[in-house]
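First comes the structure, then the notes that go with it.
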Amino acid sequence: MSFLKPKTHIEKGDVVILYLSVSSMHAIEAVPEIVNKKGETIPHIFQTNYGSLKVENIIGVEYGSRVELSKGWANVLQPTPELWTQTLPHRTQIIYTPDISMIIHQLEVRPGAVVIESGTGSGSLSHYFLRALKPTGHLHTFDFHEARADQARDEFRRHGIADFVTVYHRDVCNLGFSGELDGKADAVFLDLPSPDLAVPHAFKALKLSGGRFCSFSPCIEQSQRCIQELTKLGFNEIVSLEVLQQENVVKTRTLPVIDLEFLKLPKTEETAAAAEETKTSKEVKKYLTSSNPQTLPGHTGFLTFATLPPNIPKA
């Protein structure tokens, strides 16, 4: 299936990224027919700004190929977590690549690890976790909203990665992660309105040999309360970060060149004439410059990281 492993050709049922431009991409399912709102089975025709695509025609096509639309063309790409994040159906607010890259790095997610995530939401971060955990690790992901949990479970199945993830419908703040996961996790990630309430449950879920913890919070007050609970339970290396992405704008600028050599000479009629000539000089030079953009990306959230040392009593 689409996310399981690299593929060369599109197969029936694959999720495919239809790439029109950097700012225009769509995730479509490669099936020749769909059921409309009236319950009728009709040919799968996908509409874009550059015309329509008969989806049946892309089955068997090599990934990366250019396909014809009725008013233009597009490329068909195999989905990655990065592309999926930009095209997924939003069931909740999602975490984007700059924050996700820091989360994966700080939690030390690797093949064979066991990770607990709450909440699942739209599954953006889940797909990154699964790519890092495969083929021998496992993700346990929780959401208190039953419909969202069911949608995520079905999505993982259609993407071919259901064997590496277990989806739970559960309020972890009040009920925890269930006793069967106590002492099983290498890392715990929380994206909850009140992460401090779930910290004791994360403490129980982490292995006796220790592990890593992360919480994503939009407000600093949430992060502060979380840090207080982490400190009480013996976590160390506690740090709260904010990831701000800044672009450097590199371009060539054309600037006028002014020759000021005449200033070194005594003031005479000749130097005065040279000064006037310099003012009207048309000589220019090109320089490669770098500058910051006039606007910067806004705040996303605070990432609170901590380490649970080995052999902390969990009575």
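Since this is a predicted model, take the numbers as computed values, not measurements.
Two residues are said to be in side-chain contact when any heavy atoms from C-beta on lie closer than 4.5 Å; His44 and Glu33 fail this criterion. Looking only at side-chain heavy atoms (C-beta outward), Ser118 and Leu192 come within less than 4.5 Å of each other. Looking at heavy atoms from C-beta onward, Thr252 lies out of side-chain contact with Tyr287 at the 4.5 angstrom threshold.
A donor-acceptor contact shorter than 3.5 Å links the side chain of Ser124 to the backbone of Ile95. For the pair Ser24 (side chain) and Leu20 (backbone), a donor-acceptor distance under 3.5 Å is absent. Judged by distance alone, with hydrogens and angles left aside, the side-chain atoms of Thr48 form a donor-acceptor pair with the main-chain N or O of Gly51 at under 3.5 Å. Under the 3.5 Å distance criterion, the side-chain polar atoms of Ser70 are matched with a main-chain donor or acceptor of Ser52. Between the side chain of Asn75 and the backbone N or O of Gly64, at least one donor-acceptor pair lies under 3.5 Å. Formation of a donor-acceptor pair under 3.5 Å by the His159 side chain with backbone atoms of Phe3 is not found in this model. Under the 3.5 Å distance criterion, the side-chain polar atoms of His169 are left unmatched by any main-chain donor or acceptor of His145. Asp143 places no side-chain N or O within donor-acceptor distance of the main-chain N or O of Ala149, the cut-off being under 3.5 Å. Distance alone, capped at 3.5 Å, is enough to place a donor-acceptor pair between the Thr80 side chain and the Leu83 backbone. A donor-acceptor pair under 3.5 Å links the side-chain atoms of Arg212 to the main chain of Gln106, judged by distance alone.
Every residue two or more places apart in sequence or in another chain that forms a side-chain hydrogen bond (donor to acceptor under 3.5 Å, both in side chains) with Ser126 is listed here: Glu117. The side-chain contact (heavy atoms from CB on, under 4.5 Å) search around Val114 returns His140, Asp186, not counting sequence neighbours. In this structure Asn236 satisfies the side-chain contact (heavy atoms from CB on, under 4.5 Å) test together with Thr307, Pro309, sequence neighbours excluded. Shown here are the salt bridge (Lys or Arg N to Asp or Glu O under 4.0 Å) partners of Arg153, two or more places apart in sequence or in another chain: Asp150. In this structure, the side-chain contact (heavy atoms from CB on, under 4.5 Å) partners of Asn36, at least two apart in sequence or on a different chain, are Lys38, Glu40, Ile42. Taking Thr8 as the reference, nothing meets the side-chain contact (heavy atoms from CB on, under 4.5 Å) condition, with sequence neighbours excluded. For Thr166, the side-chain hydrogen bond (donor to acceptor under 3.5 Å, both in side chains) partners are His138, not counting sequence neighbours. For Thr289, the side-chain hydrogen bond (donor to acceptor under 3.5 Å, both in side chains) test picks out Arg253, with sequence neighbours left out.
Annotation: Lys134, atom NZ; neighbour count of heavy atoms from other residues, nucleotides and ligands within 6.0 Å is above 12. Annotation for His105: atom NE2 does not count as buried by contact number, only 12 or fewer foreign heavy atoms lying within 6.0 Å.
In the hydrophobic cluster analysis, where Ile, Leu, Val, Met, Phe, Trp and Tyr join through side-chain heavy atoms closer than 4.5 angstrom, Ile104 is grouped together with Ile161. In the hydrophobic cluster analysis, where Ile, Leu, Val, Met, Phe, Trp and Tyr join through side-chain heavy atoms closer than 4.5 angstrom, Ile312 is grouped together with Val188. In the hydrophobic cluster analysis, where Ile, Leu, Val, Met, Phe, Trp and Tyr join through side-chain heavy atoms closer than 4.5 angstrom, Ile100 is grouped together with Leu241. Hydrophobic clustering, with ILVMFWY side chains joined whenever heavy atoms are under 4.5 angstrom apart, groups Tyr50 together with Val55. A single hydrophobic cluster is not seen to contain both Val67 and Val15; linkage of ILVMFWY side chains at heavy-atom distances under 4.5 Å, directly or through other members, places them apart.
Legend: side-chain hydrogen bond (donor to acceptor under 3.5 Å, both in side chains) pairs involving residues 56-66, not counting sequence neighbours, sorted by first then second residue: Asp14-Tyr63. Sorted by first and then second residue, the side-chain hydrogen bond (donor to acceptor under 3.5 Å, both in side chains) pairs with a member in residues 94-103 read Thr97-Tyr128, Asp99-Thr300; sequence neighbours excluded.
Using a 30° and 60° split on the angle between ring planes, His127 and Phe156 fall in the tilted class, from 30° to 60°.
The shortest heavy-atom contact between Ala113 and Leu133 is O-CD2, 3.1 Å. Residues Arg131 and Glu82 come closest through the heavy atom pair NH2-OE2, 2.7 Å. Annotation for Ser122 and Glu155: closest pair O-OE1, 3.7 Å, computed over non-hydrogen atoms. Residues Cys214 and Phe305 approach most closely at SG-CE2, 3.4 Å, considering heavy atoms. In plain terms, the two heavy atoms of Pro43 and Ile34 that are nearest each other are O-CG1, 4.4 Å. Closest approach of Lys12 to Pro32, counting heavy atoms only: CE-CD, 3.8 Å.
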- Query: Run the side chain to side chain contact (heavy atoms under 4.5 Å, CB included) check on Met25 and Gln86 step by step: do they pass?
  - Reply: CA-CA 8 Å; Met25 289 179 261; Gln86 296 182 62; 3.1 Å; yes
- Item | Residue pair Phe203, Leu308: steps toward the side chain to side chain contact (heavy atoms under 4.5 Å, CB included) verdict | CA-CA 8 Å; Phe203 174 78; Leu308 181 67; 3.6 Å; yes
- Item | Intermediate values then yes/no, side chain to side chain contact (heavy atoms under 4.5 Å, CB included), Arg148 and Thr92 | CA-CA 9 Å; Arg148 283 205 296 263; Thr92 59; 3.5 Å; yes
- Full working for side chain to side chain contact (heavy atoms under 4.5 Å, CB included) between Leu190 and Phe213: CA-CA 8 Å; Leu190 303 178; Phe213 170 91; 3.5 Å; yes
Quick one: side chains of residues 173-181, donor-acceptor pairs under 3.5 Å with protein atoms, not counting sequence neighbours, listed by atom name and distance.
{"from": "Asn174", "atom 1": "ND2", "to": "Asp171", "atom 2": "OD2", "distance (Å)": "2.7"}

Report, one line per pair, each donor and acceptor closer than 3.5 Å where one atom sits in a side chain of residues 220-227; sequence neighbours left out.
{"from": "Gln222", "atom 1": "OE1", "to": "Cys219", "atom 2": "N", "distance (Å)": "3.0"}
{"from": "Gln222", "atom 1": "NE2", "to": "Pro193", "atom 2": "O", "distance (Å)": "2.8"}
{"from": "Ser223", "atom 1": "OG", "to": "Ser240", "atom 2": "OG", "distance (Å)": "3.1"}
{"from": "Ser223", "atom 1": "OG", "to": "Thr304", "atom 2": "OG1", "distance (Å)": "2.7"}

